[in-house]
2 protein chains.
Amino acid sequence: MTSGTIAGTRWLTAEEQVRWRAYLNASVRLMNALGRQLEQDSDLSLSEYEVLVQLSESPGRMMRMSQLAAEVVNSRSRLTHTVRRMEERGLVERQSCADDGRGVNCVLTPAGFARLEEAAPGHVAAVREHLVDRLDDEQFRTLGELMDKVGEALRDS
Amino acid sequence: MTSGTIAGTRWLTAEEQVRWRAYLNASVRLMNALGRQLEQDSDLSLSEYEVLVQLSESPGRMMRMSQLAAEVVNSRSRLTHTVRRMEERGLVERQSCADDGRGVNCVLTPAGFARLEEAAPGHVAAVREHLVDRLDDEQFRTLGELMDKVGEALRDS
DNA sequence: GTCCTTTAGTTGATCGTTCAATAAGATCAC
DNA sequence: GTGATCTTATTGAACGATCAACTAAAGGAC
């Protein structure tokens, strides 16, 4: 849409449009590239990989479903489906929570941890190749800070 | 994964991990927020909206399928499915290409253009609310430049 | 302690995406 | 101009994500 079509809207300026499209285009391509690498080399989606990472860094390599969903920015429903599929593949297990009858703990299995160890080098290399190494250190820090600002505003959404 | 687990990998430093996660987290939340707004207020996915935008800005409000796929960063297959659904809803039409027997032109219908006009204000407002207005002008320009650099490296992927 | 609300998690149907296979027109070597 | 190859676009199956409906436990009011 171009300015003036409908009154009362603060349209993006030409420059803002260029920037927004640069962002949108690059972010989609980046996610595609990272997803494709993980899928091909390790038979994991980016979401599944993030689940493995979060669990591996959590005490006892386990986490409550709802907390895990929040960390990987998934809906509860989506996480349930993802975890069920990962459980069928032996990457995680579920056990009911001792102190909360509603709760479920998702636990990383040794096989899941091993899978993460296999997948991590290739994934990190891809993150470097397509993102980190495209920018110098200060630029990458800036990107992180700017996106952190954006993410903060979207904290609970 | 933390440094040292497997030899020969240039792991991300602690700071790089923080930045990468800030990026990943914010970009997912941003896309979710924009997609949800469009879906709820205009019954369009972000992909469908982008198709409408590209067509509306193209001469004759039409574009070859493959060019359109490239512009919106979709696979040909995905675009075919998306366009078929949009055609069923009367937003676009397909006509075979005069000068290339293989080609198909995707044409924006008046109804499709009207739908874009309806959807645009809300979408632009959301892009402002969640992204543009979170940063000052220089910061947003910087973000655009950095992401452009990242996107350039992913040009054909 | 009963009722009401909130929170945690799951389920199944529906819809969108991906992938491999296919068809057919263009292009190029020769 | 014939055959090999590349490009364009589509198809259908398999898979993943979304959404609304649901179960069950926890928390709070009184």
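All values derive from a computational prediction rather than experimental measurement.
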Calculate the interatomic distance between [X] atom [atom1] and [N] atom [atom2]; express it in whole Å.
X     : N      : atom1 : atom2 : result
B:N74 : D:dT8  : CG    : P     : 16 Å
B:L46 : D:dA17 : CG    : P     : 17 Å
A:M31 : C:dT18 : CE    : P     : 14 Å
B:L38 : D:dT18 : CG    : P     : 15 Å
B:E88 : C:dG16 : CD    : C1'   : 13 Å
B:R78 : D:dC15 : CZ    : C1'   : 15 Å
A:M65 : D:dA24 : CE    : P     : 18 Å
A:R84 : D:dC15 : CZ    : C1'   : 11 Å

| field | Main-chain N/O of A:D136 paired with A:Q139 side-chain donor or acceptor, under 3.5 Å | value |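 Confirmed, A:Q139 side chain pairs with A:D136 backbone.
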
| message | I'd like to know if the side chain of B:S58 reaches the main chain of B:M63, judged simply by a donor and an acceptor atom lying under 3.5 Å from each other, with no hydrogens or angles considered. | response |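 Not a single qualifying donor-acceptor pair exists.
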
Among [options], which nucleotide sits nearest the side chain of [X]?
X      : options                : value
A:H81  : D:dA9, C:dA26, C:dA13  : C:dA13
B:R102 : C:dA24, D:dC19, C:dT10 : C:dA24
A:R85  : D:dG16, D:dA9, C:dG9   : D:dG16
A:R94  : D:dA17, C:dT10, D:dA9  : C:dT10

With a 4.0 Å cut-off on heavy atoms, is [X] in touch with a base, just the backbone sugar-phosphate, or nothing at all?
X      : answer
A:D100 : sugar-phosphate
B:S66  : sugar-phosphate
B:R64  : sugar-phosphate

| query | C:dT11 base to A:S77 side chain: any donor-acceptor pair below 3.5 Å? | reply |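 By the distance-only test, yes, there is a pair.
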
| task | Find out if a path of hydrophobic residues (ILVMFWY) with successive side-chain heavy-atom gaps under 4.5 Å connects A:W11 to A:W20. | result |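 Yes; tracing contacts between hydrophobic side chains, which count when under 4.5 Å, links both residues.
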
| query | Do B:F140 and B:M31 belong to the same hydrophobic cluster, where Ile, Leu, Val, Met, Phe, Trp and Tyr are linked whenever their side-chain heavy atoms lie under 4.5 Å apart, directly or via other members? | reply |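 Yes, one cluster joins them.
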
| request: Please report the closest heavy-atom contact between A:L46 and A:L38, naming both atoms and the distance. | output: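 Distance-wise, the nearest heavy atoms are CD1-CD1, 3.6 Å.
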
| Taking the nucleotide of DNA chain D with the closest heavy atom to each, which residue, B:E39 or A:G101, is nearer the 5' end? |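 Whichever sits nearer the 5' end wins; that is B:E39.
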
| field | 5' priority, DNA chain C, between B:T82 and B:D99 [closest heavy atom] | value |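 Residue closer to the 5' terminus by nearest nucleotide: B:T82.
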
